[in-house]
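Data block below; observations after.
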Amino acid sequence: EDKVVQSPLSLVVHEGDTVTLNCSYEVTNFRSLLWYKQEKKAPTFLFMLTSSGIEKKSGRLSSILDKKELFSILNITATQTGDSAVYLCAVEMDNQGGKLIFGQGTELSVKP
Amino acid sequence: DAGVIQSPRHEVTEMGQEVTLRCKPISGHNSLFWYRQTMMRGLELLIYFNNNVPIDDSGMPEDRFSAKMPNASFSTLKIQPSEPRDSAVYFCASSLIRGQAYEQYFGPGTRLTVT
């Protein structure tokens with residue numbers, strides 16, 4: 001069965017800390033891995049990763065994919081209270097018409 | 001672009017009633033996805049369409065759920081009859097598939113409460 005597993009499920013840090021969120025997957029015909037941020041509303045897109053070892057970066061957020069070990073990490077440096085959210089990892093499989101399988105999410109809470 | 005539009009934003013109904021959720025995808029997108037999100041089960045894919053054709057409805061929980069996409073700019077998700085366990089946030093998302101990897105854009109969701 002195809003699955004995406006995220007860890008930890010929840011995390012509490014203080015402003016300024018650096019955090020690393022993990023996503024591992026077991027799917028047939030992997031195509032891409034996506035990260036979304038969900039505050040108290042709809043998920044918003046962060047990154048899409050298709051190749052191993054190439055870091056995607058946006059401000060204080062960065063992400064990298066390892067297709068050999070079947071995982072991805074999302075790093076957030078110098079965290080701010082506005083980073084508090086649920087971070088979702090999703091995997092797209094090839095020839096599935098765009099279907100995504102989501103992990104259960106990591107709930108990040110950044111305290112002042 | 002206005003993004004994905006969903007209506008209503010909130011729906012409260014009594015058990016046994018019919019509920020219809022609506023979605024307008026981003027103009028030009030050719031794929032549409034319906035998700036359900038609960039605390040217990042997270043984000044679950046219910047059904048998705050490519051070029052208005054249903055591709056995979058294996059996530060639809062039971063026959064009480066049905067979805068249609070009569071044209072490229074409109075889709076509905078219907079629950080009949082509704083039950084309290086259907087209470088959740090229902091998201092619609094759309095994307096453009098052109099043979100390469102892409103991202104899905106989510107609507108604001110419909111929060112359904114069945115009493």
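Scope of the values below: all heavy atoms of this structure, side chains included, with no hydrogens, waters or symmetry mates. To find a chain, count down the sequence lines: A is the first, B the second, and so on, and within it residues start at 1. Just so it is clear, the model here is predicted, and its values are computed rather than measured.
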- [ ] Go through the atoms of B:Phe49 and report whether side chain, backbone, both or neither lie under 4.5 Å from a heavy atom of chain A.
- [x] neither

Task: ILVMFWY network linking A:Phe71 to A:Val91, side-chain heavy atoms under 4.5 angstrom - done: no

- [ ] Could you state whether B:Leu21 and B:Ile26 fall into the same hydrophobic cluster, counting links through intermediate Ile, Leu, Val, Met, Phe, Trp or Tyr residues with side-chain heavy atoms under 4.5 angstrom apart?
- [x] no

TODO: With chain B as the partner chain, list the residues of residues 100-112 of chain A whose heavy atoms fall under 4.5 Å from it, by residue number, and write 'none' if nothing qualifies.
DONE: A:Leu100, A:Phe102

TODO: Taking atom OH of B:Tyr90 as the centre, report whether more than 12 heavy atoms of other residues, nucleotides or ligands fall under 6.0 Å from it.
DONE: yes

Open item on the list: Filter on side-chain hydrogen bond (donor to acceptor under 3.5 Å, both in side chains), then keep only pairs touching residues 5-27 of chain A, sequence neighbours left out; what's left?
Closed with: A:Thr20-A:Asn75

Task: Residues in residues 35-42 of chain A that sit under 4.5 Å from chain B, counting heavy atoms only - done: A:Tyr36, A:Gln38, A:Lys41, A:Ala42

Task: chain A contact via B:Leu43 - side chain, backbone, both or neither, heavy atoms under 4.5 Å - done: both

Open item on the list: Nearest 0.5 angstrom please: B:Asp56 CG to A:Lys99 NZ, how far?
Closed with: 4.0 Å

TODO: Find the distance between CD (A:Glu92) and OG (B:Ser95) and round it off to the nearest 0.5 Å.
DONE: 8.0 Å

Open item on the list: If hydrophobic clusters are built from ILVMFWY residues whose side chains come within less than 4.5 Å, do B:Val89 and B:Tyr48 share one?
Closed with: yes

Open item on the list: Grouping I, L, V, M, F, W and Y whenever their side-chain heavy atoms are under 4.5 Å apart, do A:Ile76 and A:Leu34 come out in a common cluster?
Closed with: no

Open item on the list: If I measure from the heavy atoms of chain A, does B:Gln37 come under 4.5 Å with its side chain, its backbone, both, or neither?
Closed with: side chain

Return a table of donor-acceptor pairs under 3.5 angstrom between the side chains of residues 59-74 of chain B and protein atoms on other chains or two or more places apart.
unit_1: B:Glu62; atom_1: OE1; unit_2: B:Arg64; atom_2: NE; d: 2.9
unit_1: B:Glu62; atom_1: OE1; unit_2: B:Arg85; atom_2: NH2; d: 3.3
unit_1: B:Glu62; atom_1: OE2; unit_2: B:Arg85; atom_2: NH1; d: 3.3
unit_1: B:Glu62; atom_1: OE2; unit_2: B:Arg85; atom_2: NH2; d: 3.3
unit_1: B:Arg64; atom_1: NH1; unit_2: B:Pro81; atom_2: O; d: 2.7
unit_1: B:Arg64; atom_1: NH1; unit_2: B:Asp86; atom_2: OD2; d: 2.7
unit_1: B:Arg64; atom_1: NH2; unit_2: B:Asp86; atom_2: OD1; d: 2.9
unit_1: B:Arg64; atom_1: NH2; unit_2: B:Asp86; atom_2: OD2; d: 3.4
unit_1: B:Asn71; atom_1: OD1; unit_2: B:Ser73; atom_2: N; d: 2.9
unit_1: B:Asn71; atom_1: OD1; unit_2: B:Ser73; atom_2: OG; d: 2.9
unit_1: B:Asn71; atom_1: OD1; unit_2: B:Phe74; atom_2: N; d: 3.2

Task: Single-linkage hydrophobic cluster, 4.5 Å side-chain cutoff, B:Phe106 and A:Tyr87 together - done: no

TODO: Output the distance between atom CZ (A:Phe45) and atom CD (B:Gln104), rounded to the nearest 0.5 Å.
DONE: 11.0 Å

